[in-house]
Amino acid sequence: MKTRPAGIGSANAGWMGSLPSKLSAMPLKHLAVPGSHDSFTFWVDVHAPVGPDQKAFVKYLATMFSVLAKKVMVKWSMTQNLTFKEQLDAGIRYFDLRVSSKPGEPGNEIYFIHGLFGHKVRDGLIEINFFLDKHRKEVVFLDFNHYYAMDQEHHVYLINMLQEVFGSKLCNNCAVENITLDFLWEKKYQVIVFYHHPSAQGIPIMWPGNKIPAPWANTTEPNKLIQFLETTLKERAKQGSFHVSQAILTPRVNTVAKGLVWGLRNYLVERNLPTIMSWVEAQRPGVDGVNIITSDFVELTDFANIVIKLNNLLLTEHDRKPG
């Protein structure tokens, strides 16, 4: 399977700004937006301790077998190969973020995490902001949905960091139905932050997690996943929220055992991608349709391109004609 198809590169770097006016005037909750699952796992640190998000037996194995065990964990922790800039250039606009402090480390530094520690959060945010400075009509969803080893001081540190890095680009929490690209462009907002923790309550620029539900199928079987995606789309709230369809398969302990050497990408993702992508291609955005769709290894297919092109289904033949 090709790993870098034509859609990977910077062809989609400005896709939101290029949408026809009919679409930029629609609520963003009715547009199709490509996202990545565990967005920051393109690099993990095998020399750092195992993350506090891991179960006790995994921590025990990593202690006993150290770097060898962690190298196996890398194969199952990395769900993306593209850096932030590469994902943004490819058209990804929703990022699924899990963060942690390093227990025992002085200070309040926060890192991305998925089994193993990744980059500092600040470095990733700066990279996103650099992209947004160059692409003023692009908008990103940052979904901070899992926190580990973080007390109140860490949350204050992270929320302040978001304000420092993005400043006036941060969109205030308001009615989801009001959020169109036209509205965001007029206000010069480019970042919508969802913060699934009570620490963010009452802070206008922090959106609550219940405004971006992301039901999780928790299965290794593609047919069960598709059935789940269909059911949860039908149950999607009519008002008050965006919606994330997680088109991802989740390894279980016995899956990891069987595919120990190959890892997530080779054992679980590649063999099932055609089934998952067929479902994505058959979707339609709009009322009762898909909104944000996330995937593992977004570079393995023309994933972002396929999702972005679904928005053409919202146009009539007349809308498609150049003005």
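In what follows, residues are counted from 1 in the order of the sequence shown.
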Can a salt bridge be assigned to the pair D288 and K238 using a cut-off of 4.0 Å between side-chain N and carboxylate O?
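Salt bridge flag = yes for K238 with D288.
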Do [X] side-chain atoms and [Y] backbone N/O form a donor-acceptor pair below 3.5 Å?
{"X": "Q246", "Y": "A214", "answer": "yes"}
{"X": "S24", "Y": "D182", "answer": "no"}
{"X": "N145", "Y": "R98", "answer": "no"}
{"X": "D89", "Y": "N12", "answer": "no"}
{"X": "R93", "Y": "L88", "answer": "yes"}
{"X": "N311", "Y": "L314", "answer": "no"}

Please report the C-alpha distance between R122 and E164 in whole Å, then the side-chain angles of each, then the deciding distance to 0.1 Å, and finally whether the side chain to side chain contact (heavy atoms under 4.5 Å, CB included) criterion is met.
CA-CA 10 Å; R122 185 180 294 274; E164 285 167 24; 3.4 Å; yes
Might you work through the side chain to side chain contact (heavy atoms under 4.5 Å, CB included) test for I293 and L310, ending with a clear yes or no?
CA-CA 11 Å; I293 306 177; L310 295 177; 4.3 Å; yes
Do [X] and [Y] belong to the same hydrophobic cluster, where Ile, Leu, Val, Met, Phe, Trp and Tyr are linked whenever their side-chain heavy atoms lie under 4.5 Å apart, directly or via other members?
{"X": "W279", "Y": "L313", "value": "yes"}
{"X": "F228", "Y": "I276", "value": "no"}
{"X": "L31", "Y": "L315", "value": "yes"}

Go through it in stages, so that I can follow the logic: the residues are L142 and I128, the test is side chain to side chain contact (heavy atoms under 4.5 Å, CB included), and I'd like the CA-CA distance, side-chain angles, deciding distance and then a yes or no.
CA-CA 10 Å; L142 303 183; I128 293 175; 3.8 Å; yes
Report yes if the side chains of [X] and [Y] come closer than 4.5 Å at any heavy-atom pair, otherwise no.
{"X": "H196", "Y": "I212", "value": "yes"}
{"X": "L233", "Y": "L229", "value": "no"}
{"X": "F95", "Y": "Q87", "value": "yes"}
{"X": "S101", "Y": "Y157", "value": "no"}
{"X": "Y189", "Y": "I179", "value": "no"}
{"X": "V33", "Y": "V307", "value": "no"}
{"X": "S18", "Y": "K137", "value": "no"}
{"X": "Q190", "Y": "F166", "value": "no"}

Find the distance between [atom1] ([X]) and [atom2] ([Y]) and round it off to the nearest 0.5 Å.
{"X": "F194", "Y": "M206", "atom1": "CZ", "atom2": "CE", "result": "11.0 Å"}
{"X": "I113", "Y": "L97", "atom1": "CD1", "atom2": "CG", "result": "13.0 Å"}
{"X": "E86", "Y": "S36", "atom1": "CD", "atom2": "OG", "result": "12.0 Å"}
{"X": "Y94", "Y": "I192", "atom1": "OH", "atom2": "CD1", "result": "12.0 Å"}
{"X": "M16", "Y": "L28", "atom1": "CE", "atom2": "CG", "result": "5.5 Å"}
{"X": "W216", "Y": "I248", "atom1": "CH2", "atom2": "CD1", "result": "7.5 Å"}

Within 45° cone and under 6.0 Å: K85 NZ/CZ vs F130 ring:
no
Between H155 and Y195, is the ring centroid distance below 6.0 Å?
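H155 vs Y195: aromatic centres under 6.0 Å.
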List the steps, then state whether side chain to side chain donor-acceptor pair (under 3.5 Å) holds for H146 with D96.
CA-CA 9 Å; H146 286 72; D96 163 37; 5.4 Å; no
Measure across [X] and [Y] and return the closest heavy-atom pair with its distance rounded to 0.1 Å.
{"X": "G91", "Y": "P34", "value": "O-CG, 3.2 Å"}
{"X": "M150", "Y": "H154", "value": "CA-ND1, 3.6 Å"}
{"X": "G17", "Y": "E138", "value": "N-OE2, 2.9 Å"}

Check the surroundings of atom CD in Q227: do more than 12 heavy atoms from other residues, nucleotides or ligands lie under 6.0 Å from it?
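Not more than 12 within 6.0 Å, no.
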Tell me if the NZ atom of K309 is crowded by more than 12 foreign heavy atoms within 6.0 Å.
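Incorrect, the count does not exceed 12.
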Any chance you could lay out the side chain to side chain contact (heavy atoms under 4.5 Å, CB included) test for I110 and Y147, step after step, and finish with the verdict?
CA-CA 10 Å; I110 308 293; Y147 307 88; over 6 Å; no
Please tabulate, for side-chain N and O atoms in residues 169-178, each donor-acceptor pair with protein atoms closer than 3.5 Å (sequence neighbours left out).
from : atom 1 : to   : atom 2 : distance (Å)
K169 : NZ     : N129 : OD1    : 2.8
K169 : NZ     : D133 : OD1    : 2.8
N173 : OD1    : K211 : NZ     : 2.7
E177 : OE2    : K29  : NZ     : 2.8
E177 : OE2    : G240 : N      : 2.9

